[in-house]
Amino acid sequence: MTVTMISSKSVCSLLLLAFTLTGFACDHDKDAAQSAPPFAPPADTAAPPLNLPPDTGPPPELDGDRALQYVKDIVKFGPRPVGSTNHKKVEEYLASRLKGDVVEDDIFTADTPEGKFPVHNLIAKYPGTKDGIIVMASHYDTNYPLRDTSFVGANDGGSSSALLLEIANQLRGKAREGYSVWLVWDDAEEAIKPDTEIPFEKDSLYGISHLAQKWQADGTAKKIKAFLLADMVGDADLNIDRDANSTPWVENVVFEAATRLGYQSHFFARTVPMIDDHLPFMRIGVPSADLIDFSYGYNNVFWHTPQDTVDKLSAKSLEIVGSVVLETVRILDKMDPLPPR
Ligand SMILES: [Zn+2]
């Protein structure tokens with residue numbers, strides 16, 4: 001997760017400013033809110049009514065234990081900031097788990113405030129019978145300014161990258177009666193020098209911005225029906241936020257998927273505006289949703305600290321998010337037509 005390193009107090013003030021617009025409750029208020037009667041996601045009049053298919057068929061399968069094992073595998077390499085040897089090892093690890101799949105590499109050099117870095121996005125492609133693509137993405141680098149600490153980003157970068165590996169296991173070798181699914185492990189997401197005058201968005205999201213521009217130039221972006229981002233999805237105390245910067249109807253499909261699986265109490269109790277990897281795709285008109293739990297420990301205390309370790313995560317949370325993502329895809333496959341862009 002890439003939000004600039006401002007104090008949690010200022011994050012709260014900033015987000016409270018958005019409260020009037022989005023119904024956001026700051027972390028301080030959140031525990032109280034959780035003991036309140038059943039919530040409903042904020043009404044979203046901007047979203048078109050959904051043309052939902054009937055809720056039929058068995059729920060999607062996903063092995064949360066195996067996904068958690070992948071998180072352990074990834075963090076075992078240690079901190080993996082761009083340009084590091086550990087980063088290279090994680091690139092190789094991801095590729096090794098995707099052996100036999102169609103994997104495309106998007107490699108370039110990023111010019112950052114700390115110099116030039118090699119950036120490597122990996123894209124695994126699982127073809128479907130329908131014309132169109134659904135992209136799922138996760139960044140896998142760890143925070144560069146924390147490179148000399150023990151920060152391993154078990155939740156931030158680790159959880160979602162591991163989850164995509166497990167989703168790959170579920171897609172592999174099966175005929176898809178739906179859109180093609182492309183899994184993206186994007187790189188250099190974290191800000192390199194967040195405490196300078198450089199505008200935050202010019203010093204982060206390097207890998208995903210490159211991919212969005214590339215796919216806009218070659219016409220791929222037009223074929224993408226939805227972009228689903230996962231970030232910080234392994235917290236044992238799982239509360240996925242509704243993101244005010246995502247496409248409302250895609251978020252509504254995610255909530256429908258969660259409801260169909262009985263996991264809705266983990267979704268959308270509050271709304272926050274997220275600066276995350278989905279923004280470059282939102283900007284080029286691709287409907288997107290950011291699935292993020294930005295309350296990692298009380299008042300988000302574990303975020304961007306060496307305390308972001310595997311013991312804070314659970315296999316169940318990974319299973320919940322992974323199966324909701326797969327159910328979202330299954331609903332999107334059958335929504336005919338999808339809302340206009
Ligand atoms: Zn982060």
Side-chain angles (χ1 to χ4, degrees), residues 1-2 82 91 94-95 98 101-112 117-141 157 160-161 163-165 167-168 171 176 178-191 201-231 243 245-251 253-254 274-292 325-326 328-329 332-333 335 337-341:
M1 172 60 210
T2 176
V82 283
E91 290 170 50
L94 294 173
L98 300 168
D101 298 349
V102 176
V103 178
E104 192 182 296
D105 299 293
D106 174 39
I107 297 172
F108 66 101
T109 302
D111 204 351
T112 84
F117 288 102
V119 177
H120 185 179
N121 299 316
L122 292 99
I123 304 115
K125 300 182 174 181
Y126 304 90
T129 50
K130 257 184 122 160
D131 191 22
I133 304 156
I134 294 172
V135 174
M136 301 178 197
S138 154
H139 81 93
Y140 67 95
D141 57 310
S160 47
S161 295
L163 187 60
L164 288 199
L165 288 179
I167 287 174
L171 298 172
R176 281 218 89 244
Y179 297 115
S180 295
V181 174
W182 291 5
L183 306 181
V184 174
W185 289 264
D186 65 274
D187 194 10
E189 185 252 18
E190 299 279 8
E201 283 184 68
K202 289 209 162 132
D203 177 36
S204 63
L205 310 175
Y206 290 98
I208 202 72
S209 299
H210 186 265
L211 202 56
Q213 282 158 19
K214 179 174 158 178
W215 283 351
Q216 189 182 30
D218 71 9
T220 302
K222 282 201 289 274
K223 299 180 200 153
I224 302 174
K225 303 297 179 184
F227 178 94
L228 305 172
L229 174 67
D231 199 359
D243 167 39
N245 291 335
S246 289
T247 307
W249 74 258
V250 184
E251 296 260 289
V253 176
V254 170
M274 299 308 305
I275 298 172
D276 216 349
D277 321 33
H278 60 318
L279 294 188
F281 278 86
M282 287 291 291
R283 263 186 222 113
I284 60 167
V286 176
S288 307
D290 185 6
L291 277 72
I292 181 164
V325 168
L326 288 173
T328 300
V329 172
L332 290 170
D333 280 340
M335 276 174 65
L338 289 168
R341 291 197 176 202

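Basis for what follows: all heavy atoms, side chains included, without hydrogens, waters or symmetry-related copies. Only a predicted model underlies this, so the values are computations on that prediction, with no experimental measurement involved.
For Ala226, the side-chain contact (heavy atoms from CB on, under 4.5 Å) partners are Leu332, not counting sequence neighbours. With sequence neighbours excluded, the residues satisfying side-chain contact (heavy atoms from CB on, under 4.5 Å) with Arg283 are Glu201, Leu279.
Residues Pro287 and Arg341 meet the side-chain proximity criterion, which asks for heavy atoms closer than 4.5 Å. In this structure, the side chains of Asp290 and Asn245 stay at 4.5 Å or more apart for every pair of heavy atoms. Between Glu190 and Val82, the closest side-chain pair of non-hydrogen atoms is not below 4.5 Å.
Asp141 and His139 form a side-chain donor-acceptor contact under 3.5 Å, judged by distance and modelled atom types alone.
The aromatic rings of His210 and Phe108 sit parallel to each other, their planes meeting at less than 30°, with 60° as the upper class boundary.
Between the CG atom in Asp187 and the CG atom in Leu211 there is a gap of 11.5 Å [rounded to 0.5 Å].
Here the options are Thr247, Asp231, Asp243, the test is side chain to side chain donor-acceptor pair (under 3.5 Å), and the partner is His278; only Asp243 passes. The only member of Lys125, Lys223, Lys222 that meets side chain to side chain contact (heavy atoms under 4.5 Å, CB included) when paired with Ile133 is Lys223. Here the options are Asp105, Asp186, Asp106, the test is side chain to side chain donor-acceptor pair (under 3.5 Å), and the partner is His120; only Asp105 passes.
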Can you list, pair by pair, the side-chain donor-acceptor contacts under 3.5 Å of residues 178-185, counting residues two or more places apart and other chains?
unit_1	atom_1	unit_2	atom_2	d
Ser180	OG	Gly128	N	3.0
Trp185	NE1	Ser161	O	3.0

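Remark: Asp131 CG is loosely packed, at most 12 non-hydrogen atoms of other residues, nucleotides or ligands lying under 6.0 Å away.
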